[in-house]
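My structure is below; once you've seen it, I'll send some questions.
Counting starts at 1 for both ligands and their atoms, in listed order. None of these values were measured; they are calculated from a predicted model.
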Amino acid sequence: MNSAIKDIEIIEMGEKLRETSSPWSSTILLVKLTSADGLVGYGEAPTTLMTLPVLESMKEVARVFKGKDFFNVEQNVFDFYRNSFYLPVSMEATSALSAFEIASWDLIGKELGTPVYKLIGGEVNHNIRAYANGWYNDCVTPDDFVKKAKEVVKMGFTAMKFDPFGDNYDTITNEGIENARNIVGALRSEFGEKVDLLIEYHGRFSKIAAIKAGMALEEFKPYFYEEPLHPDLDHDLLDLKQYYKVPIALGERVLNKKIFARFISQKLVDIIQPDLTNSGGILEAKKIAAIADGFGIPIAPHNAFGPIQTAATLNVDTTLTNFAIQESFEMFWPDWKKNLMASGYKLENGYFRLTGDAGIGKVNESIVEKYQVSGMEPFDDKEPPWVVSGTFKHYQQK
Ligand SMILES: O=C(O)[C@H](O)[C@@H](O)[C@@H](O)[C@H](O)CO
Ligand SMILES: [Mg+2]
């Protein structure tokens with residue numbers, strides 16, 4: 001067996017010409033590692049409207065990983081960490097690195113003929129509860145939300161995440177608060193207690209707005225408030241906690257275990273949401289989960305990009321005793337994303353299950369071939385890239 005990484009291919013994927021979902025994640029980046037023995041492993045890096053910087057960063061990581069033994073995940077990652085001056089604070093660098101880390105585990109699993117979860121602790125969770133995201137395109141009024149949410153519940157989901165704050169940004173008007181209350185209240189009265197409502201703030205508010213909005217929605221018993229504050233106001237989270245009765249979740253912009261350790265030990269967060277594709281990959285996620293577990297904190301991984309991310313994330317979820325719930329966009333993906341993995345996992349009736357494939361699963365090479373693109377993601381200056389399409393509107397604007 002020769003477990004050296006021989007060839008490295010960096011691939012940008014997306015749909016040409018057409019924009020089927022929000023600009024969010026309309027392109028994804030893959031790395032394809034081929035070993036000296038001809039085994040293939042895939043990893044994914046998110047683009048987050050930074051396709052070209054992430055892609056360039058992947059070339060930097062490639063220099064470090066080329067020729068290395070793919071079994072030596074710790075050493076290879078550490079070698080990049082040592083060489084990357086901005087690693088702890090740069091999403092491009094951590095995303096690029098994460099793709100290589102995930103692809104290494106895919107190779108390890110394929111070499112040993114076993115799914116990755118069996119190598120990192122084995123099965124704790126067989127059925128993995130999912131929550132739906134990406135379902136509320138063009139929803140502005142309470143009726144819009146209820147109508148689409150009914151479809152989500154029909155699909156079998158028992159939890160859904162959404163951002164009810166329209167075009168309020170940084171501050172919030174009384175009207176904005178009232179509309180958010182109407183949306184969340186309408187969903188709560190439609191579904192009663194049987195559906196969990198996860199409130200996404202998208203890091204959009206400064207302190208006073210976050211406090212006002214959070215207190216106003218409390219009576220509808222949200223599952224969590226996600227990123228209620230601008231990410232660079234994290235120190236204000238402690239103030240928020242004096243007002244909130246709802247748990248605070250965050251993590252999609254927290255880039256490694258050391259930064260998670262800070263959030264967790266300073267008691268700034270109640271539920272963590274690491275994103276495997278920007279926080280260091282599979283082994284780093286295990287470490288982040290262990291730090292959280294040491295403080296009694298559950299983990300609900302962020303998962304907003306492509307199926308390789310989902311497959312890697314589910315392999316970790318399967319092994320975690322402090323796993324809470326898993327984000328899923330799959331039902332609302334364009335077909336190319338739905339078909340990008342031939343097997344690896346299934347989503348049925350609101351629950352994920354791994355299908356027992358070696359590594360993280362099988363990638364459909366013909367889709368990889370067919371949907372290659374190059375260049376930047378589309379940009380729309382009327383709507384920030386981080387909202388679900390058609391929702392950054394005043395509530396009377398349809
Ligand atoms: O938690 C999340 O998934 C994110 O904040 C974000 O990645 C998505 O919600 C995005 O806004 C979808 O358009
Ligand atoms: Mg989010």
Salt-bridge contact Arg353-Glu348 (side-chain N to carboxylate O under 4.0 Å):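 Salt bridge: yes.
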Ring centre gap for Phe205 and Phe165 strictly below 6.0 Å: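 Yes - the distance between ring centres of Phe205 and Phe165 falls below the 6.0 Å cut-off.
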Ligand 1 atoms in contact with Ala304 (distance to a heavy atom under 4.0 Å):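 Atoms satisfying the 4.0 Å criterion: 3 (O), 7 (O).
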Stepwise side chain to side chain contact (heavy atoms under 4.5 Å, CB included) check, Ile299 with Leu320: CA-CA 9 Å; Ile299 171 165; Leu320 298 178; 3.7 Å; yes
Any Lys161 heavy atom less than 4.0 Å from ligand 1: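 Heavy atoms of Lys161 do come under 4.0 Å of ligand 1.
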Asp163, portion touching ligand 1 at heavy-atom distance under 4.0 Å: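 Near ligand 1, Asp163 shows nothing, with every heavy atom at 4.0 Å or more.
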Centroid-centroid under 6.0 Å between Tyr244 and Tyr225 rings: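 Yes, the ring centres sit under 6.0 Å apart.
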Trace of the side chain to side chain contact (heavy atoms under 4.5 Å, CB included) decision for Phe100 with Val77: CA-CA 9 Å; Phe100 282 74; Val77 167; over 6 Å; no
Side-chain ion pair, Glu365 and Lys32, N-O less than 4.0 Å: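 Lys32 and Glu365: salt-bridged.
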Close-contact set for ligand 1 against Glu200 heavy atoms, below 4.0 Å: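 Per the distance check, 1 (O), 2 (C), 4 (C), 5 (O), 9 (O).
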Val388 neighbourhood, listing ligand 1 atoms whose heavy-atom distance to it stays under 4.0 Å: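 Under 4.0 Å from Val388, ligand 1 has these atoms: 12 (C), 13 (O).
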Salt bridge present between Arg204 and Glu227 (N-O < 4.0 angstrom):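 Here Arg204 does not pair with Glu227 in a salt bridge, since their nearest N and O are not under 4.0 Å apart.
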Of the listed options Leu250, Thr391, Val387, closest to atom 13 (O) of ligand 1 (non-hydrogen atoms):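 Looking at heavy atoms only, the winner is Val387.
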Tyr169 and Trp386 aromatic ring geometry - parallel, tilted or perpendicular at 30°/60° bounds: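 Rings of Trp386 and Tyr169: tilted, 30 to 60°.
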Parallel, tilted or perpendicular, as decided by the 30° and 60° cut-offs, for the rings of His302 and Phe305: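 Taking His302 first and then Phe305, their aromatic rings stand perpendicular (interplane angle over 60°).
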Close-contact set for ligand 1 against Asn133 heavy atoms, below 4.0 Å: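 Matching atoms, with element in brackets: 2 (C), 3 (O), 9 (O).
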Gln273 touching ligand 1 at heavy-atom level, < 4.0 angstrom: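 Heavy atoms of Gln273 never come under 4.0 Å of ligand 1.
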Side chain, backbone, both or neither: Glu227 near ligand 1, heavy atoms under 4.0 Å: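 Glu227 to ligand 1: no contact under 4.0 Å from either part.
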Any donor-acceptor N/O pair, Ser95 side chain to Asn278 backbone, under 3.5 Å: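 The answer is no, because no donor-acceptor pair under 3.5 Å joins these two groups.
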Numbered atoms of ligand 1 (with element) below 4.0 Å of Glu226, judged on heavy atoms: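 Result: 1 (O), 2 (C), 5 (O).
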Residue-atom pairs from the protein, N, O or S only, that lie under 2.8 Å from the Mg ion (ligand 2):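 Atoms qualifying: Glu200 OE2, Glu226 OE2, Glu252 OE1.
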SB check Lys110 Asp106 (cutoff 4.0 Å):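 Salt bridge present between Lys110 and Asp106.
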Ligand-residue contact atoms, ligand 1 with Phe329, heavy atoms, under 4.0 Å: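 Result: 3 (O), 8 (C), 12 (C).
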